[in-house]
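This report concerns only the one structure given below.
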4 protein chains.
Amino acid sequence: MARIRAAERRAELVAAAVRVIAAHGVDGATTRRIAEEASAPLATLHYCFATKEVLFAAVFEYLAGEYRDVLNRSDVHSDVQNTARGLLRGVLEWYLENPDFGATILELISWGQREGEQAEVVYASAFATMRTILEGTTTAAGRPVSSDMIDQLIYVVSALSDGFALNWLVFTDIAAARVQMELTVGVLDAWMAANLGGAAPSTQPVEITTEPDMRSLVSWVHVD
Amino acid sequence: MARIRAAERRAELVAAAVRVIAAHGVDGATTRRIAEEASAPLATLHYCFATKEVLFAAVFEYLAGEYRDVLNRSDVHSDVQNTARGLLRGVLEWYLENPDFGATILELISWGQREGEQAEVVYASAFATMRTILEGTTTAAGRPVSSDMIDQLIYVVSALSDGFALNWLVFTDIAAARVQMELTVGVLDAWMAANLGGAAPSTQPVEITTEPDMRSLVSWVHVD
Amino acid sequence: MARIRAAERRAELVAAAVRVIAAHGVDGATTRRIAEEASAPLATLHYCFATKEVLFAAVFEYLAGEYRDVLNRSDVHSDVQNTARGLLRGVLEWYLENPDFGATILELISWGQREGEQAEVVYASAFATMRTILEGTTTAAGRPVSSDMIDQLIYVVSALSDGFALNWLVFTDIAAARVQMELTVGVLDAWMAANLGGAAPSTQPVEITTEPDMRSLVSWVHVD
Amino acid sequence: MARIRAAERRAELVAAAVRVIAAHGVDGATTRRIAEEASAPLATLHYCFATKEVLFAAVFEYLAGEYRDVLNRSDVHSDVQNTARGLLRGVLEWYLENPDFGATILELISWGQREGEQAEVVYASAFATMRTILEGTTTAAGRPVSSDMIDQLIYVVSALSDGFALNWLVFTDIAAARVQMELTVGVLDAWMAANLGGAAPSTQPVEITTEPDMRSLVSWVHVD
DNA sequence: AATGAATGAGGCTTCATTCAT
DNA sequence: TATGAATGAAGCCTCATTCAT
C-alpha cells in the first residue's frame with residue numbers, strides 16, 4: 001500500500017513536472033513549483049526523487065514511453081509507405097492533442113543534451129521502435145525495403161515531425177496547424193513516391209479549403 | 001568615439017551570450033557567466049542592457065539578423081525550385097558552420113514564446129524576407145508561382161530546416177549531418193517536383209558514399 | 001515544538017529589525033544586517049518573512065501592539081483629566097525607556113505611508129484603544145465628556161507625544177527630556193483646564209529645578 | 001555666467017532632491033532619481049555635489065533657510081502671546097501649503113541624526129531665530145518674558161508643530177488638518193494663558209463648524 | 001566644464017538541498 | 001514515512017561613485 005502510495009506520488013510529480021516545464025520552461029520549473037503543482041510538500045519531492053536531475057530523467061522516460069506508445073498505436077500494419085505515413089500522422093496528431101508534451105520535449109532536448117549520459121540509452125530504443133515497425137513492411141509492390149532506406153525514412157519522418165512540432169509550439173493556431181499537418185504528410189508522400197517506387201500517395205494532395213492565416217504557416221525561427 | 005566603445009561592448013556581450021546560451025542553455029546562461037565570457041564586470045552588463053530580458057532580446061535580434069543575411073546571401077536568383085533549394089541549403093550549411101547559432105536559436109524559441117510580445121514583430125519580417133525572395137521567381141517552365149504555393153514552400157523549407165537543426169544539435173556528428181543535409185534537400189526537391197511541375201531536380205539524388213553512423217540519423221526526440 | 005521554534009525565530013527577527021532600524025534607519029536596515037543582528041543566516045530571514053516588506057509589516061504590528069499595551073497599562077481609571085494625563089505620561093515614559101521604539105516608529109511612519117494599505121487597518125484600532133479608555137470617563141465634576149471632546153483630546157495627546165518623541169529622538173539628553181516631559185504634561189493640563197472645566201491640574205506647575213541644557217529644549221527641526 | 005549656471009544647477013538639484021525625498025523617502029532618493037527629476041545627467045550631480053551626503057546637507061540647509069524665512073515672515077511684532085501664536089500658525093500653514101517640505105524634513109531628521117556632525121551647527125541657529133524674535137516681546141501686560149519662559153515657549157511651539165506635521169503627513173485630509181491647526185493653536189493659547197498671565201486668547205475657542213472625519217484627528221502613530 | 005561610460009559593493013530574493021523530528 | 005524548518009550558494013539588479021574624454 002505504502003509502495004503504491006509512493007508510486008502514485010512519483011507519477012503525480014512527473015505529471016506535474018511536465019505541466020510546469022511546458023508552462024514555465026526548464027529553467028522556470030523549480031522544485032517548489034513542481035511540488036506545488038502536484039499538491040505535495042517540497043520535501044516530499046526530494047523524498048521521492050533524490051535530485052531534480054533524477055526527477056527530470058523520470059520525466060524524460062515518461063515522455064519517451066508515451067512517444068513509443070504513440071508510435072506503436074500508429075502502426076497500421078500495411079506497406080512501408082502507408083506505415084511511414086501512419087507513423088508521421090500519428091506523431092503529428094499526438095503533438096496536436098498534447099501541446100504540453102511537445103513543449104516539454106523541446107525544453108528537455110537541450111537539457112538532456114547537456115546532461116548527456118542517461119539520454120544515450122534512450123536514443124537506441126527510440127530508433128529501435130521505429131525500425132522494428134518499418135522492418136516488418138515491404139513496398140506496395142511487395143519488394144523488401146533496404147536497411148539504408150529505412151534509416152532515411154526514419155530521419156525524414158523525424159525531421160518533418162520535429163519541424164512541425166516547433167511551428168505548432170510557437171504559433172498556437174490550431175487551424176494553421178491542421179493545414180500544416182496535411183502539408184507535412186504530403187511532403188513525406190512526395191519523397192516516398194520518388195524514392196520507394198511509383199505508387200501515388202493514397203492521400204489527396206493538399207487542398208486548403210479554409211483560408212487560414214497564412215502568416216502562421218511560417219515558423220518564426222525564420223526571423224529576419 | 002565613446003559611443004563606439006559602448007556599441008562594441010554591447011556586441012561583445014551579445015556574442016558572449018550566444019556562446020553561453022549554446023553551451024549552458026537559457027537557464028544556464030546567467031548574467032555572471034555571460035559577463036565573464038565577455039570579460040566584462042557584471043555591472044557593465046547591466047549598464048549596457050537594463051535587464052537580462054533586454055539582453056536576450058538583443059541576442060534574438062542579432063540571430064534574426066544573421067538569419068536574414070543568410071537567406072539573402074543564399075538567394076541564387078534563379079527559378080523557384082533552384083531558389084528554394086538554395087535557401088534551404090544555405091540555411092542548413094549555416095547551421096552546420098555555426099553550431100552555436102542553432103543551439104542558441106532553439107534555446108531562445110521557448111524563451112521567446114514565453115516572453116511573447118517582441119517576437120511577434122519579428123515573425124512578419126521573417127516571412128517577408130523569404131517571401132520577397134521567392135516572389136521574384138517563376139517555375140522552371142516560366143509560369144508564375146501562386147501566393148499560396150509560396151506560403152507552402154516557406155513552411156516546408158522552414159520545417160525541414162528546423163528538423164535538421166534539431167538533429168544536428170542533438171548529435172554532433174558532422175558526417176551524419178552532411179548526409180542528412182543532402183537527404184533534406186532531396187525531400188524538398190521531391191515535394192517541389194510533385195507540386196511545382198515536372199522539372200527534375202538539378203541536384204543528384206542522395207548518394208551516401210561514406211557510411212555514417214546511421215543510428216545518429218534519428219533524432220533522439222523519437223525516444224521510446 | 002517545531003512551530004514554537006519558528007515563532008521564536010520570527011520574534012527574534014522582528015526584535016533585531018527594531019534594533020537595526022533604530023540604529024541605521026529604514027534604509028540602513030538591510031536584510032543582511034537584520035539577519036546578522038538576529039544571528040540568523042540570511043536565507044532564514046526570507047524563510048520566516050517572504051519579503052523585507054512583510055518583515056517590516058510585522059515590525060509595524062509589533063510596535064503597534066506594544067503601543068496598545070502601554071496605553072492600556074497607563075489607564076488610571078479616573079476622571080477624564082487624570083486619565084488623559086496618565087495616557088500621555090505613560091506614552092512619554094515609554095518613549096524614554098525605549099529609545100529604540102521611538103526611533104523605529106518614526107522611521108516606519110514614512111515607510112508605512114508609502115506602503116499605504118496595511119496601515120489603514122491599524123489606524124482604526126489605534127483610535128479605538130484611546131477612545132475606549134476615554135469613553136469610560138467623566139469630568140472631575142462628574143459630567144460626561146462629549147464625543148467631539150474625546151476626539152480633540154486624542155489629537156492633543158497624540159500631537160504632544162509625537163512632538164516629544166521627535167525631540168527625544170534628536171537630542172538624546174535624558175535630563176532635558178525629563179523636563180520636557182513635565183512641560184508636555186503641563187501643556188495638556190492647561191488645555192484640559194480651559195476646555196474641560198475648571199478643576200486645577202493635580203500636578204504642580206512645571207518647576208525646573210535642575211538647569212538642563214536649554215538649547216536642547218528646541219527641536220533641531222526648527223533649523224535655520 | 002558659468003558660475004551662475006552652476007549655481008542654478010545646484011539649486012535645481014536641491015529642489016529635485018526635496019521632491020524626490022518627499023515622494024520616495026530618503027532611501028528611495030537615489031542619485032539617479034534625483035538627477036532625472038532635475039533633468040540633469042547623473043554625472044553632473046556628482047560634479048555639483050561631491051557626495052550624496054553633501055547634496056543632502058545642502059537640502060538640509062535649504063529647508064532650514066525656508067524654515068527661518070517662514071519664522072521671520074510670521075513675526076507679528078506684538079506681545080509675546082500674539083507673537084508666539086503667529087509663529088506657530090505660520091509654521092503650521094507653511095506645512096499645509098508645502099506638503100513636500102514636511103515630508104522631506106521628517107525623512108531627513110533621522111538621516112541627519114545619524115550623520116550627526118553637520119546638523120549641530122544648524123540647531124543653534126534655529127534656536128537663535130525663534131529666540132531673537134521672542135526676546136523682542138513682552139507680555140500683554142507689558143512685563144518682560146524670562147529667558148526660561150522663552151525656552152519653554154520654544155519647546156511648546158516646536159512640539160506642537162512637529163506633532164501637527166506628523167499628522168498632516170500621515171493623513172492627507174486637508175479639512176481635518178485645518179481643524180487640527182485651530183486646535184493646535186488653541187492648545188498653545190491655553191498654555192500661555194496659564195503661564196504668561198491672565199489675558200484671554202484673542203482667538204476664539206475652537207469651533208468645529210464642519211464635521212470633518214474625526215478619525216483622522218488621531219495620528220496613526222497611536223496605533224494599537 | 002561637463003558628461004557618457006564604466007564598475008565594485010552590496011541590495012533583495014530564490015534556488016536545490018539537507019536537517020530534525 | 002513524511003514533512004516543516006532551515007540554509008549555503010547563487011540568482012538578477014541597483015547603488016554611489018569614478019574614469020576618461
Side-chain angles (χ1 to χ4, degrees), chain A residues 1-3 5-6 9 27-35 40-56, chain B residues 1-10 13 27-35 38-56, chain C residues 1-10 13 27-35 40-56, chain D residues 1-3 5-6 9 27-35 40-56:
Chain A
M1 190 69 100
R3 289 243 105 170
R5 198 81 60 61
R9 264 285 159 85
D27 54 319
T30 66
T31 51
R32 242 191 279 275
R33 258 208 270 250
I34 294 170
L42 175 56
T44 296
L45 187 150
H46 280 92
Y47 180 67
C48 295
F49 298 95
T51 278
K52 196 192 185 187
E53 199 172 296
V54 172
L55 168 60
F56 276 21
Chain B
M1 191 77 90
R3 285 249 112 157
I4 288 175
R5 203 67 128 286
E8 274 171 18
R9 272 284 201 216
R10 286 176 62 94
L13 284 164
D27 55 319
T30 66
T31 51
R32 246 192 274 275
R33 259 206 272 250
I34 294 171
S39 304
L42 179 54
T44 296
L45 186 151
H46 278 94
Y47 175 70
C48 294
F49 298 95
T51 281
K52 196 193 183 188
E53 203 171 288
V54 172
L55 169 59
F56 277 19
Chain C
M1 192 78 92
R3 286 248 111 156
I4 288 176
R5 204 68 128 287
E8 274 171 17
R9 272 285 201 217
R10 286 177 63 96
L13 285 164
D27 54 319
T30 66
T31 51
R32 247 191 273 275
R33 260 207 269 250
I34 294 171
L42 179 54
T44 295
L45 186 152
H46 278 94
Y47 175 69
C48 294
F49 298 95
T51 282
K52 194 193 184 188
E53 203 172 287
V54 172
L55 169 59
F56 277 20
Chain D
M1 188 70 100
R3 290 241 103 169
R5 198 83 56 66
R9 264 288 157 85
D27 55 320
T30 66
T31 51
R32 240 191 281 277
R33 256 207 272 251
I34 294 170
L42 175 56
T44 295
L45 186 150
H46 280 92
Y47 180 67
C48 294
F49 299 93
T51 278
K52 196 190 183 188
E53 199 171 298
V54 173
L55 169 59
F56 276 21

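The chains referred to below are lettered A, B, ... by the order of the sequence lines, with proteins before strands, and numbering in each begins at 1.
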Only distances under 3.5 Å count here; give the side-chain donor-acceptor pairs of residues 27-35 of chain A to other protein atoms, sequence neighbours excluded, each with its distance to 0.1 Å.
{"from": "A/Thr30", "atom 1": "OG1", "to": "A/Arg33", "atom 2": "N", "distance (Å)": "3.1"}
{"from": "A/Arg33", "atom 1": "NE", "to": "A/Gly28", "atom 2": "O", "distance (Å)": "2.9"}
{"from": "A/Arg33", "atom 1": "NH2", "to": "A/Gly28", "atom 2": "O", "distance (Å)": "3.2"}

Inset, instruction - Could you tell me which non-hydrogen atom of B/Arg9 sits nearest to which non-hydrogen atom of B/Pro41, and how far apart they are? - result: NH2-CD, 4.5 Å

Legend entry - Rounded distance (Å) that lies between atom P of E/dG10 and atom CG of C/Asp27: 16 Å

Legend entry - For atom CG of B/Leu13 and atom C1' of E/dT7, their distance in whole Å: 13 Å

Inset, instruction - With sequence neighbours left out, write down each residue that passes side chain to side chain contact (heavy atoms under 4.5 Å, CB included) with B/Ala43, or none if nothing qualifies. - result: none

Inset, instruction - Provide the closest heavy-atom pair for A/Leu55 versus A/Leu45 in the form atom of the first, atom of the second, distance. - result: CD2-CD1, 4.1 Å

Legend entry - Dot-bracket notation for DNA chain F, counting Watson-Crick and G-U pairs under 3.5 Å, with | for partners on another strand: .||||||||||||||||||||

Inset, instruction - Answer yes or no: does a side-chain N or O of D/Thr44 lie under 4.0 Å from OP1 or OP2 of E/dA2? - result: no

Inset, instruction - Give the B/S/- string for nucleotides 8-15 of chain F, one per nucleotide from 5' to 3', where a protein heavy atom under 4.0 Å of the base yields B, of only the sugar-phosphate yields S, and otherwise -. - result: B-SBSBBB

Inset, instruction - Mind calculating the distance between CG (C/Leu55) and P (E/dG11) to the nearest angstrom? - result: 15 Å

Legend entry - N or O in side chain of C/Arg9 less than 4.0 angstrom from F/dG4 OP1/OP2: no

